[in-house]
Chemist: 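Mind having a look at this structure? Questions to follow.
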Amino acid sequence: MAASPLDIISDLENRELVSQLAGGDELKDHLSSGSRTVYCGFDPTAESLHVGSVVPLLVLKRFQMAGHKPIALIGGATGLIGDPSFKTDERQLNSNEVVEQWVERLKPQLSQFLDFDCGENSAVLVNNLDWTQDYDVLGFMRDVGKHFSVNAMIQKESVKQRIEREGEGISFTEFSYMLLQSYDFAQLYKRYNCTVQVGGSDQWGNITGGIDLTRRMEQNQVYGVTVPLVTKSDGTKFGKTETGTVWISANMTSPYALYQFWLNVADADVYRYLKFYSFLSVNEIEEIEQSDKNSQGRREAQGILAAEVTELLHGSTGLTAAKRISDALFSGDIAQLTNEDLDQLELDGLPCTVFAGGNKGIVEVLVDTDLAKSNKMAREFIGNNAINVNGQLVDSVNFELDVSNALNGKYFLLKRGKKLFHLAKFE
RNA sequence: GGAGGGGUUCCCGAGUGGUCAAAGGGAUCAGACUGUAAAUCUGACGCGAAAGCUUCGGUGGUUCAAAUCCACCCCCCUCCA
């Protein structure tokens with residue numbers, strides 16, 4: 001099913017995964033005429049990658065499947081600076097310790113998708129701190145800085161609003177980010193003969209900067225591919241739910257929550273996301289779309305997408321768990337859950353809050369579980385008939401969770417609204 | 001260093017002495033309708049059961065009364081040096 005080296009760009013184009021190509025047909029020839037080395041950088045800006053940032057990483061995997069050698073670069077250096085591209089304001093610098101910690105978290109995440117043991121085109125993991133931390137200031141300014149024209153830099157679309165718009169500004173620190181990323185490309189060319197950089201479409205300016213610098217410092221032509229940022233058809237921000245960002249770390253976003261996130265994708269987006277996030281062929285995806293069109297009611301695509309992505313990120317165990325919880329909760333048959341099922345729900349990552357000390361009033365419980373952010377909101381939810389306990393509608397703010405009624409002697413399954421569940425566990 | 005503009009509740013943004021917990025929009029949440037959609041409609045949206053309490057960059061002050069006036073300080077932007 002892997003695309004042959006001949007058509008990786010065509011496959012990406014068919015998946016609408018190409019935003020811009022630096023190099024055009026020459027790049028296509030370059031990729032089809034042999035196994036090349038391709039890199040994509042990820043800055044440590046949080047404890048985990050989120051679903052949006054994983055698209056370029058999957059593209060890197062697609063390159064590897066097509067026979068090329070991928071380099072996943074961790075921005076241990078650039079993460080200390082902060083990329084200003086299309087950001088509306090200057091960001092707070094993170095401390096060295098924090099960035100270092102995030103670098104460590106990022107390593108396994110980047111590694112999990114790529115094959116590091118497949119001979120010639122095995123993946124490589126690098127950190128740009130390795131070639132920047134000991135570079136002396138004067139040397140850097142003379143060797144690298146001299147190749148950049150400030151006149152050209154301030155023309156870049158990615159920093160335009162920071163420079164032109166009143167009320168915004170940009171520090172020299174962030175402004176110089178481009179030099180570092182450009183230098184990365186030149187270094188990777190030198191060290192690994194890396195000739196292609198992949199990045200989000202917001203990285204265009206940084207990528208072309210690297211192409212120019214590599215030409216000047218290494219006298220060689222290299223190329224770039226940008227991947228569109230994932231958007232939603234309704235214009236809202238992709239990758240967020242009521243509980244916040246959807247992370248790829250199972251500790252931060254449970255497989256169940258991830259599965260639910262994809263299951264709730266809008267019809268208008270789901271086929272595009274299948275192309276972005278699954279390794280199903282474009283033909284297979286089109287067949288799904290066709291079959292959905294011909295059938296009534298709920299589409300199947302969301303379920304397929306949810307299954308594909310959950311399995312990709314958390315393996316078949318994660319997927320099974322996510323499905324099991326989803327089936328149990330949304331079948332409406334909460335009373336039918338066995339004791340083992342309940343224990344399993346907790347293990348599978350359904351949010352759970354532990355209580356001690358006997359019966360508790362519903363308002364207090366809602367606040368303690370974060371299902372309501374204040375007593376007032378808790379009362380309002382109850383007033384709106386939005387709260388369920390063990391499948392029963394709560395109709396009074398005086399309702400008490402009576403431990404003698406707990407499922408399996410300790411659990412209460414709380415539901416707020418239509419699809420937000422939480423376990424209360426009494427000990 | 002100088003001149004000017006600005007910092008309002010999650011975001012944008014009105015408010016220039018009482019009628020202000022603070023217009024309007026967005027986001028968010030809940031309900032109805034549905035497919036655990038979309039669109040639409042309804043409601044909520046600082047805390048508190050309430051009385052009331054705490055908010056408008058910070059600190060002090062004027063006043064019966066301040067987001068609004070005064071002083072000092074901090075931060076951001078633009079232009080000049």
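Worth knowing before you read on, the calculation uses all heavy atoms, side chains too, and leaves out hydrogens, waters and symmetry mates. Naming: A, B, ... by sequence-line order, numbering from 1 per chain.
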Chemist: Please state how far atom NZ in A/K373 lies from atom P in B/rA27, giving the value in whole angstrom units.
Modeler: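 Distance, rounded to whole Å: 16 Å.
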
Chemist: Within this structure, what is the CG-to-P distance between A/N264 and B/rA38, rounded to whole angstrom?
Modeler: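 After rounding, the gap between these two atoms is 8 Å.
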
Chemist: Verify the contact: side-chain N or O of A/K419 to OP1 or OP2 of B/rA37, cut-off strictly under 4.0 Å; return yes or no.
Modeler: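 For A/K419, the contact criterion (side-chain N or O under 4.0 Å from OP1 or OP2 of B/rA37) is met.
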
Chemist: Pick the nucleotide of RNA chain B nearest each of A/E380 and A/A386; which residue has the one closer to the 5' end?
Modeler: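 Looking at RNA chain B, the more 5' nearest nucleotide goes with A/A386.
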
Chemist: Rounding to a whole Å, what distance do you find between A/N375:CG and B/rC29:P?
Modeler: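 Roughly 21 Å, once rounded to whole Å.
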
Chemist: With both distances under 3.5 Å as the test, what is the Watson-Crick or G-U wobble partner of B/rG17?
Modeler: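 None - no nucleotide pairs with B/rG17, as no candidate has both distances under 3.5 Å.
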
Chemist: Take the protein atom CZ of A/R299 and the nucleotide atom C1' of B/rU36, then report the distance between them rounded to whole Å.
Modeler: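 Atom CZ in A/R299 sits about 16 Å away from atom C1' in B/rU36.
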
Chemist: In whole angstrom, what separates A/L371's CG from B/rU28's P?
Modeler: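 That distance rounds to 19 Å.
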
Chemist: Determine the interatomic distance between C1' on B/rC41 and the same-named atom on B/rU8; round to the nearest Å.
Modeler: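 It comes out at 32 Å once rounded to the nearest Å.
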
Chemist: Distance check needed: B/rA44 P versus A/M377 CE, whole Å only.
Modeler: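 Value for this atom pair: 11 Å.
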
Chemist: Partner lookup for B/rG60, please. Criteria are Watson-Crick or G-U wobble with both distances under 3.5 angstrom; report none if nothing qualifies.
Modeler: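 Pair assignment: B/rG60 / B/rC70.
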
Chemist: With rounding to the closest Å, how many angstrom separate the P atoms on B/rG24 and B/rA32?
Modeler: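 Straight-line distance between the two P atoms is 26 Å.
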
Chemist: Identify the heavy atoms of A/T173 and A/S176 that sit nearest to each other, and give their distance.
Modeler: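 Looks like O-OG, 2.8 Å.
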
Chemist: Using the C1' atoms only, state how far B/rA27 lies from B/rU19, rounded to an integer number of Å.
Modeler: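 Rounded to whole Å, the distance is 30 Å.
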
Chemist: Please state how far atom CG in A/D269 lies from atom P in B/rA38, giving the value in whole angstrom units.
Modeler: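 Rounded to the whole Å, the gap is 11 Å.
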
Chemist: Between A/I382 and A/F399, is a side chain to side chain contact (heavy atoms under 4.5 Å, CB included) present by the stated rule, with each step listed?
Modeler: CA-CA 10 Å; A/I382 294 166; A/F399 182 86; over 6 Å; no

Chemist: For the P atoms, the ones on B/rG31 and on B/rA37, what distance do you get once it is rounded to whole angstrom?
Modeler: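 These two P atoms come out 10 Å apart once rounded.
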
Chemist: Can you check the A/N388 CG to B/rU36 P distance for me, whole Å?
Modeler: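 Distance, rounded to whole Å: 15 Å.
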
Chemist: If you only use heavy atoms from C-beta on, which nucleotide in B/rU36, B/rA37, B/rA30 is closest to the side chain of A/Q260?
Modeler: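 In terms of side-chain proximity for A/Q260, the closest of B/rU36, B/rA37, B/rA30 is B/rU36.
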
Chemist: Is there a Watson-Crick or G-U wobble partner for B/rG4 with both distances under 3.5 Å, and if so, which one is it?
Modeler: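 With both distances under 3.5 Å, B/rG4 matches B/rC77.
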
Chemist: Check for me whether A/R15 meets the cation-pi criterion with A/F276, that is, NZ or CZ under 6.0 Å from the six-membered ring centre and within 45 degrees of the ring axis.
Modeler: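 No - A/R15 does not lie over the ring of A/F276 by the 6.0 Å and 45° rule.
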
Chemist: Say we look at B/rA14 and B/rA22: how far apart would their C1' atoms be, to the nearest angstrom?
Modeler: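 My reading of the C1' atoms in B/rA14 and B/rA22 gives 10 Å.
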
Chemist: Let me know, please, whether A/L263 or A/S374 comes out on the 5' side of the other along RNA chain B by nearest nucleotide.
Modeler: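 Nearer the 5' end of the strand: A/L263.
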
Chemist: Could you tell me how far B/rG6 sits from B/rU68 if I compare only their C1' atoms? Round to whole Å.
Modeler: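 Between the two C1' atoms, the distance is 16 Å.
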
Chemist: Look at atom CD of A/E364 and say whether more than 12 heavy atoms of other residues, nucleotides or ligands are closer to it than 6.0 Å.
Modeler: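 More than 12 heavy atoms, drawn from other residues, nucleotides or ligands, come within 6.0 Å of this atom.
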
Chemist: Find out whether the Lys NZ or Arg CZ of A/K28 is both under 6.0 angstrom from the six-membered ring centre of A/Y223 and within 45° of the ring's axis.
Modeler: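 Judged by the rule (NZ or CZ under 6.0 Å from the ring centre, within 45° of its axis), A/K28 is not positioned above A/Y223.
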
Chemist: Within the structure shown, what part of the strands sits under 4.0 Å from A/R379 by heavy-atom distance: base, sugar-phosphate, or nothing?
Modeler: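 Answer is sugar-phosphate: A/R379 comes under 4.0 Å of backbone atoms only.
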
Chemist: Roughly how many Å apart are B/rU55 and B/rA65, using the P atom of each and rounding to a whole number?
Modeler: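 After rounding to an integer number of Å, I get 16 Å for this pair.
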
Chemist: Can you confirm whether or not the ring centre of A/F421 sits under 6.0 Å from the ring centre of A/Y256?
Modeler: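 Here the rings of A/Y256 and A/F421 have centres that are no less than 6.0 Å from each other.
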
Chemist: Under a 3.5 Å limit for both distances, which nucleotide forms a Watson-Crick or G-U wobble pair with B/rG43, could you say?
Modeler: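 Pairing partner, where one exists within any strand: B/rC29.
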
Chemist: Using the P atom on both, measure B/rA21 against B/rG26 and round to a whole Å.
Modeler: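 Rounded to whole Å, the distance is 25 Å.
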
Chemist: Give a yes/no verdict on base stacking between B/rU36 and A/F330: centres under 5.5 Å, planes within less than 30° of parallel.
Modeler: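 By the stated criterion, A/F330 and B/rU36 stack.
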
Chemist: Please pick, from B/rG35, B/rC33, B/rC29, the nucleotide with the shortest atom-to-atom distance to any side-chain atom of A/K418.
Modeler: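 Ranking B/rG35, B/rC33, B/rC29 by closest atom to the A/K418 side chain puts B/rC33 first.
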
Chemist: Without placing hydrogens or testing angles, list every side-chain donor-acceptor pair under 3.5 Å for residues 302-318 of chain A, not counting sequence neighbours.
Modeler:
| from | atom 1 | to | atom 2 | distance (Å) |
| --- | --- | --- | --- | --- |
| A/Q302 | NE2 | A/V265 | O | 2.8 |
| A/Q302 | NE2 | A/D267 | OD1 | 2.9 |
| A/T310 | OG1 | A/A306 | O | 2.6 |

